[in-house]
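This report concerns only the one structure given below.
Because the structure is a prediction, the values reported are computed rather than measured.
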Amino acid sequence: MGNLPTVAPIAVLISGTGSNLRRILEYQHSHDTAYEVSIVIADRPADGLRWAHQYGVPSVVVPWTGDRKAFTTEVCDRIAGCDWVVLAGFMRILSAEAIDRFPGRIVNIHPSLLPAFPGAHAVEAALAAGVDRTGVTIHFVVEAVDSGPIIAQREVPILPGDTVDSLHARIQIQEHDLYPAVVDALAAGRITAGITT
Ligand code: GRF
């Protein structure tokens with residue numbers, strides 16, 4: 001008798017609308033995924049928590065107090081036992097403790113083709129730079145922000161007349177397609193590159 005495939009419990013961390021969380025949950029419910037969202041963490045009463053409620057996933061608000069060390073410890077304690085930590089529009093920078101406790105197991109999605117346009121205003125920055133394409137990057141999280149090893153990227157064209165909203169909407173179509181598939185591939189062990197410890 002073969003072993004039953006295991007399903008990896010994952011934590012999703014959000015701060016905003018949670019459209020990527022929604023897609024990760026939808027994908028889980030429509031595919032035979034190697035992951036299962038077991039907890040959603042937000043640093044504020046984020047709109048996206050509605051998706052956790054809708055899918056019956058436990059959620060916790062860990063309010064940001066300005067104390068990064070204490071905040072990180074509480075988040076890590078809440079998600080202990082998860083195999084993967086998926087940042088999906090999470091607007092806080094965790095301290096090194098998170099990397100130590102989940103080595104090579106924290107991933108983030110960023111709305112540009114890193115290393116171009118790191119930081120919190122990547123869509124605005126790409127528009128302001130006058131480039132004709134930007135995109136999406138999914139990467140492993142390391143201590144330096146938006147700098148970890150890249151797992152997957154998708155290009156998105158910048159069209160004449162684009163606004164931040166229209167461009168971000170086009171980027172998010174790609175995010176929603178890519179992120180659940182990449183999370184599933186990681187959970188299934190189909191992507192093994194990354195940080196070794
Ligand atoms: C995404 O564009 C992601 O790339 C960035 O924050 C946004 C989150 O969107 N890090 P949502 O909350 O998943 O809708």
Side-chain angles (χ1 to χ4, degrees), residues 1-15 18-43 46 48-49 51-62 68-69 71-110 114 136-153 175-197:
M1 276 183 36
N3 293 326
L4 286 173
T6 54
V7 175
I10 70 168
V12 182
L13 277 52
I14 66 168
S15 297
S19 66
N20 283 285
L21 165 64
R22 178 188 188 183
R23 284 292 302 131
I24 289 166
L25 286 164
E26 284 174 355
Y27 193 88
Q28 175 188 320
H29 285 263
S30 58
H31 293 72
D32 190 14
T33 53
Y35 71 82
E36 180 179 54
V37 180
S38 65
I39 189 164
V40 174
I41 302 282
D43 64 316
L49 289 169
W51 306 116
H53 302 153
Q54 182 166 318
Y55 282 89
V57 175
S59 61
V60 182
V61 175
V62 180
R68 188 179 317 284
K69 200 166 175 299
F71 177 79
T72 300
T73 300
E74 182 167 359
V75 169
C76 289
D77 287 348
R78 296 282 191 174
I79 64 178
C82 288
D83 285 352
W84 292 93
V85 183
V86 175
L87 309 186
F90 188 62
M91 298 306 287
R92 300 295 173 192
I93 299 166
L94 296 170
S95 74
E97 179 187 349
I99 318 273
D100 290 345
R101 288 177 66 174
F102 298 92
R105 300 221 155 226
I106 308 176
V107 296
N108 184 43
I109 190 162
H110 182 81
L114 289 172
V136 175
T137 301
I138 298 169
H139 64 94
F140 290 103
V141 170
V142 297
E143 263 196 84
V145 176
D146 297 334
S147 302
I150 290 170
I151 303 166
Q153 290 186 307
E175 292 187 339
H176 297 163
D177 189 49
L178 195 58
Y179 214 8
V182 167
V183 170
D184 192 40
L186 287 164
R190 294 197 300 274
I191 298 173
T192 52
I195 303 157
T196 50
T197 53

Checklist line | Whether Gln153 side chain and Leu114 backbone form a donor-acceptor pair below 3.5 Å | finding: yes
Next item on the list: Any chance you could lay out the side-chain contact (heavy atoms from CB on, under 4.5 Å) test for Phe140 and Val107, step after step, and finish with the verdict?
Entry: CA-CA 4 Å; Phe140 290 103; Val107 296; 3.9 Å; yes
Margin query: Tell me whether the rings of His29 and Tyr55 are parallel (<30°), tilted (30 to 60°) or perpendicular (>60°).
Written below: tilted
Next item on the list: Could you tell me the separation between the CG atom of Asp100 and the OG atom of Ser95, rounded to the nearest 0.5 Å?
Entry: 8.0 Å
Item checked: Residue Asp77 excluded, over 12 heavy atoms near CG under 6.0 Å -> yes
Check: Hey, what do you get for CD1 (Ile99) to CZ (Arg105), rounding to the nearest 0.5 Å?
Finding: 14.0 Å
Check: Taking only residues two or more places apart in sequence, or in another chain, which ones meet Tyr27 in a ring pair (Phe, Tyr, Trp, His ring centres under 6.0 Å)?
Finding: His31
Check: Who are the side chain to side chain donor-acceptor pair (under 3.5 Å) partners of Glu26, not counting sequence neighbours?
Finding: Arg22, Arg23
Check: Thr33: what forms a side chain to side chain donor-acceptor pair (under 3.5 Å) with it, not counting sequence neighbours?
Finding: none
Checklist line | Steps toward side-chain contact (heavy atoms from CB on, under 4.5 Å) verdict (His176, Asn20) | finding: CA-CA 6 Å; His176 297 163; Asn20 283 285; 3.4 Å; yes
Check: After noting the C-alpha distance and the side-chain angles of Tyr179 and Val136, does the key distance pass the side-chain contact (heavy atoms from CB on, under 4.5 Å) rule?
Finding: CA-CA 10 Å; Tyr179 214 8; Val136 175; over 6 Å; no
Item checked: Trp51/Ser19 under side-chain contact (heavy atoms from CB on, under 4.5 Å): CA gap, chis, key distance, verdict -> CA-CA 9 Å; Trp51 306 116; Ser19 66; 5.9 Å; no
Notebook entry, point to check: What distance separates Ile24 CD1 from Ile109 CD1, expressed to the nearest 0.5 Å?
Noted result: 7.5 Å
Notebook entry, point to check: Could you give the distance from CG (Asp83) to OG1 (Thr6), rounded to the nearest 0.5 Å?
Noted result: 7.5 Å
Next item on the list: For Cys76 and Phe102, work out which heavy atoms get closest and say how close.
Entry: SG-CE1, 4.0 Å
Under 3.5 Å, sequence neighbours excluded: what are the donor-acceptor pairs made by side chains of residues 145-152?
{"residue": "Asp146", "atom": "OD2", "partner": "Gly119", "partner atom": "N", "Å": "2.7"}
{"residue": "Ser147", "atom": "OG", "partner": "Val145", "partner atom": "O", "Å": "2.9"}

Item checked: Residues in salt bridge (charged side-chain N to carboxylate O under 4.0 Å, His left out) contact with Glu143, at least two apart in sequence or another chain -> none
Note to self: Just verifying a value: how many Å separate Leu87 CG and His139 NE2, rounded to the nearest 0.5 Å?
What the structure shows: 8.0 Å
Item checked: Nearest heavy-atom neighbours spanning Ala52 and Leu21 -> N-CD2, 4.3 Å
Next item on the list: Could you check if a side-chain atom of Leu94 sits within less than 4.5 angstrom of a side-chain atom of Leu13, using non-hydrogen atoms only?
Entry: yes
Margin query: Test your reading of the model: is there a side-chain donor-acceptor pair from Glu97 to the backbone of Thr72, 3.5 Å cut-off?
Written below: no
Next item on the list: Taking all heavy atoms of Val12 and all of Ala88, pick out the closest pair and write down the distance.
Entry: CG1-CB, 4.0 Å
Notebook entry, point to check: For Val60, which residues count as a side-chain contact (heavy atoms from CB on, under 4.5 Å) partner, sequence neighbours excluded?
Noted result: Ile39, Ile41, Val62, Arg78
